[in-house]
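These notes concern the structure reproduced below.
Just follow the structure's listing: the first ligand is 1, and inside any ligand the first atom is 1.
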Amino acid sequence: MKRFIVSPKSQSWVKVAPDSHFPIQNLPFGVCLRDEEETSVAVAIGDQILLLLPLQEAGWIGQELGLLEDLTEISPEELSGLRKEIFDLLRDGNPKLRDNKGKRDECLFPLEDAFMVHPMHITAFVDFYSGIHHARNVGKMFRPDMPDLLPNYRWLPVAYNGRASSVVVSGTDIPRPQGQQKPAEGDPTFGPTRELDFELEVGFFIGTDTEMGDMIPVNEAEDAMMGVVLVNDWSARDVQRWEYQPLGPFLAKSFATSISPWMVTLDALEPYKVQGMTQDPAPLANLAQKDKGHYDIHLEVQIQTAKMTEPETICVSNAKHLYWSFAQQLAHQSSNGTPLESGDLYGSGTISGPEEGSYGSMLELTWRGTKPITLSNGETRTFLEDGDTLIMTGWAQGDGFRIGLGEVRSTVVAGR
Ligand code: MN
């Protein structure tokens, strides 16, 4: 698929600050709730949101597409074409929308006034485990007498099936889940988790349906993807530790997953592709990707407790630390011929870097609670407490601009 890359020199007539996540080189897609029930596909530009439905109704864009109320019926290739049309309307020097105050008032307004819903209707949520530094840390903590990676890790992208119904958009509070926990001594008990954690991840949506029996070849897998979002894969570690053997995580993960509202296209991220780390052993043929498949996306996690007035950074990492690429993940998912649906969301797995300070979960940052972190106001944390707000952000750094993923922000509240 030919990707539409906006020149680094291009500018928009909409003002964009240098540290904005949404310059004209980005143009990410989301879905905005306009009033009670009506939604419109939208694009972020600077600190503004551009609604696409009114532009389509006026015959300015997307005439060959379905009604631009959501992104379900649009293929990745059509999305790329639509982005090109929007670029043309927003580029410096094109007066068509710039000088039409009536139309502008109808479709362009501040992002802070927009209520964003899921960028796609989520049909399935799968979470991979492709952050190798995270996998190693977990191995060291939980299986100290064994090699840190299990034997399958470098042969296939390990994953589990999560729940689509509990994927929520940034801004949604997370009620502390209850579950069964097994103390070191004595019988299990049921109650609110005492080890609520976050996982820093990046996820991709697909925009392609496949039939049962179909496989997506690894070197065509990126053509099936709509774009990427930030993912916080909430985890209850005490519940997880007790329930996960032998079938993997179940209730410890499926209570909530938070995503950022803006889907950043692979077109926008194409200039930031990098070669991943060496894969040894060489992947089997169906997972062997010819071209670069990883992305240089700077990632940060911040916490703001109820007592803090400003958020504080607790993790700095990068998407390039993944062992398996998005394309390898999708090729693996489809390799048994299961039907895939437009709207499936795939989380990468926790993206920890190699050193302390780059770990993408409290589990690792506090080394299983043995090394509490001290915040600047003197508070300490092992896991998350009610009232804590967790913020994830990320961007690819261009020359004088950022291809940003925006943020995913959620506050932990007491369970019901
Ligand atoms: Mn995860």
**Side-chain H-bond candidate by donor/acceptor type, D296 with Y272, under 3.5 Å** = no
**Message:** Whether the Q302 and E407 side chains hold a donor-acceptor pair (N or O, under 3.5 Å, no angle test) is what I'd like checked.
**Reply:** no
**Prompt:** Could you walk me through whether T305 and E379 pass the side-chain hydrogen bond (donor to acceptor under 3.5 Å, both in side chains) check?
**Reply:** CA-CA 9 Å; T305 71; E379 286 184 275; 2.5 Å; yes
**Asked** Y244 and F250: ring pair (Phe, Tyr, Trp, His ring centres under 6.0 Å), yes or no, with the steps?
**Response** CA-CA 7 Å; Y244 86 103; F250 184 47; over 10 Å; no
**Fill in**
Counting only protein N/O/S atoms, those under 2.8 Å from the Mn ion (ligand 1) total 4
**Request:** May I ask you to decide whether E364 forms a salt bridge with K371, counting only side-chain N to carboxylate O separations under 4.0 Å?
**Result:** no
**Asked** Below 4.0 angstrom, N of the basic side chain to O of the carboxylate: do K253 and D233 qualify?
**Response** yes
